Amino acid sequence: MNRRDWIRATAAAAAAGFAPGFVGCGVRESGSGVDPEPTVRFPGKVEMRVINDRPPCLETPWRFYREDFTPNHAFYVRWHLQAFPTSIDLASWRLRIGGNVERPLELSIDDLKKMDRTTIAAVNQCSGNSRSLFQPRVTGAQWRNGAMGNAKWTGVRLRDLLKRAGLKAGAVDVVFDGLDEGPLPGVPDFLKSLKADHALEAEPLVAFEMNGEPLPALNGFPARLVVPGWYATYWVKALTKIEVWDKSYDGYWMAKAYKIPANPRANESPDRLDAKIEPINRLNVRSFFTSPDRGSIVVSGTPITLSGIAFDGGSGIKRVEVSFDDGRTWRETMLGEDHGRFSFRRWKLEWTPTEAGERKLLVRATNRSDETQTADPIWNRGGFMRNVIESLAVVVV
Amino acid sequence: MKERMRNAGGFPLVATGALGILSAWVSYLGVRDYWDSSTPNVPEIVATNVLLPYEEVHIPDGPNRVVFQTSCVICHSPRLIFGQPTISEAKWLEVVNKMVATYGAPIEPEDERKIVAYLVSVQADRGDR
């Protein structure tokens, strides 16, 4: 049996009710004659699940989360607009910085590379990661859990660029534009903005390397914005323009799209949508199992190592716990190497299963601000920020 | 270098100096990537050009399929549409309205209803998901 047959068999078992506890990433074949989404190899990428092929939205296969850093060739892909750049010549590419500044700049990639550079490990997670698991279901790209990745981003601090251009007094927002464009004139161009104060913090970068290599074309070559701790919608790809505004930016992708209910969990009721909404911002706390595989058969009396990842919006992970009794009691796990507070944090726990039968394990993380995960999933109209306690079903024999 | 300058006799010192700096600069341009220790062994990529694969999307038969095909495949792949969960007719009407009102999809009002009928029918055929 090869891996794919095995996954199919497991999925069939799950569909047949053999393992009702299965959640998380996986094959969603209902057995009702539905064609499963294809997996396709895009340039520079492994075979990935296709959410949309024009423009490409591709999901990272789960096995790659066994590595602390998601390899570039398996890093998920998410473009909004069909006229996205497939061909970029660095000889003519420029990063333009203008608007409310003393000295508008026009920088080549060499100009950028001559400036002080820095590297930061940070999770890039799509706002709509796990959207397909919302109940009731929500329209939008139907991601499972694979719209996230962790990488070492190298580039120039955004604040160094802004200082070089010289912010004039009264800067309010900083607006970012990439080379992607709407396919028809009525489609609003994909622009995002950060508050000027945020743009001047130490973390945001204009990155030209990812895990020590140039950015892959599908992940924003030649340079993209990196906003550690914030959802990936702000990490504008194939960046070409930075504009400082002396008033609030109100373009479609900030003012209308990517809005969440303005309450601490971004939670609302499908029957009564919250009137107060705000732009999505910091990542909430999440944790996952990455090993063993869902549905694995494990042997009673033989110790195995459970492992997974945890991350948050930049407080850093304080604790990851696993429950073997549906959340009544929790065992603390060992945390792996600390790559910085914005990175995936590996956790591991040795477990010797005893009773035979199907077991459901739960995992939850707590960050250094004591924010944690709960068993009741949130819901919101955009299908954003899912962070429910995840589970893993295994069969003990 | 100084020796040669003197030997050259009459050749203006300034011009020779300038030449020297220029040639040093030219050779620096050639090797600077090796000198610059802050640039590790990153392969130099000067351009990208990716050719995207195309995986044919099956557009199921159903009422007004042609209207759907002429209205809903311009801006994005129909895969994004067929990948949506099962939603009500009212929700589909909302989606189609959004394409017109928010994204400027060139669709006649009478076609909106036809497209919704198609989407609802195709969805019923495929079963829940």
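Here is the naming used below: chain letters follow the sequence lines, and residue numbers restart at 1 for every chain. As a basis for the values below, the full set of heavy atoms in this structure was taken, side chains included, without hydrogen atoms, waters or symmetry mates. All of these numbers come straight from a predicted model, not from anything done at the bench.
- Counting heavy atoms from C-beta on, the side chains of Leu52(B) and Asp53(A) never come closer than 4.5 Å.
- Taking the side chain as every heavy atom from C-beta outward, Leu51(B) and Thr86(A) never approach each other to under 4.5 Å.
- Looking only at distances, no side-chain donor or acceptor of Gln142(A) sits under 3.5 Å from a matching main-chain atom of Pro85(B).
- Here Arg65(B) pairs with Asp61(B) under the salt bridge (Lys or Arg N to Asp or Glu O under 4.0 Å) rule; sequence neighbours left out.
- The 12-atom threshold is exceeded at CD of Gln69(B), counting heavy atoms of other residues, nucleotides or ligands nearer than 6.0 Å.
- Heavy atoms of other residues, nucleotides or ligands lying less than 6.0 angstrom from CZ of Arg113(B) number 12 at most.
- Here the side chains of Leu184(A) and Tyr103(B) are not in contact, with every heavy-atom distance at 4.5 Å or above.
- Val50(A) places a side-chain heavy atom less than 4.5 Å from the side chain of Arg79(B).
- For the pair Lys256(A)/Thr102(B), no side-chain contact is recorded, criterion being any heavy-atom separation below 4.5 Å from C-beta on.
- Contacts between residues 75-85 of chain A and chain B, defined by a heavy-atom separation under 4.5 Å, are made by Gln82(A), Phe84(A).
- Phe42(A) touches chain B through backbone and side chain together, each having a heavy atom under 4.5 Å away.
- Interface remark: Val73(B) contributes backbone and side-chain atoms alike to the contact with chain A (heavy atom separation under 4.5 Å).
- Annotation: Lys152(A), atom NZ; neighbour count of heavy atoms from other residues, nucleotides and ligands within 6.0 Å does not exceed 12.
- With a 4.5 Å cut-off on non-hydrogen atoms, Ile87(B) touches chain A through its side chain but not through its backbone.
- Of the atoms belonging to Pro56(A), it is side-chain heavy atoms, and not backbone ones, that fall under 4.5 Å from chain B.
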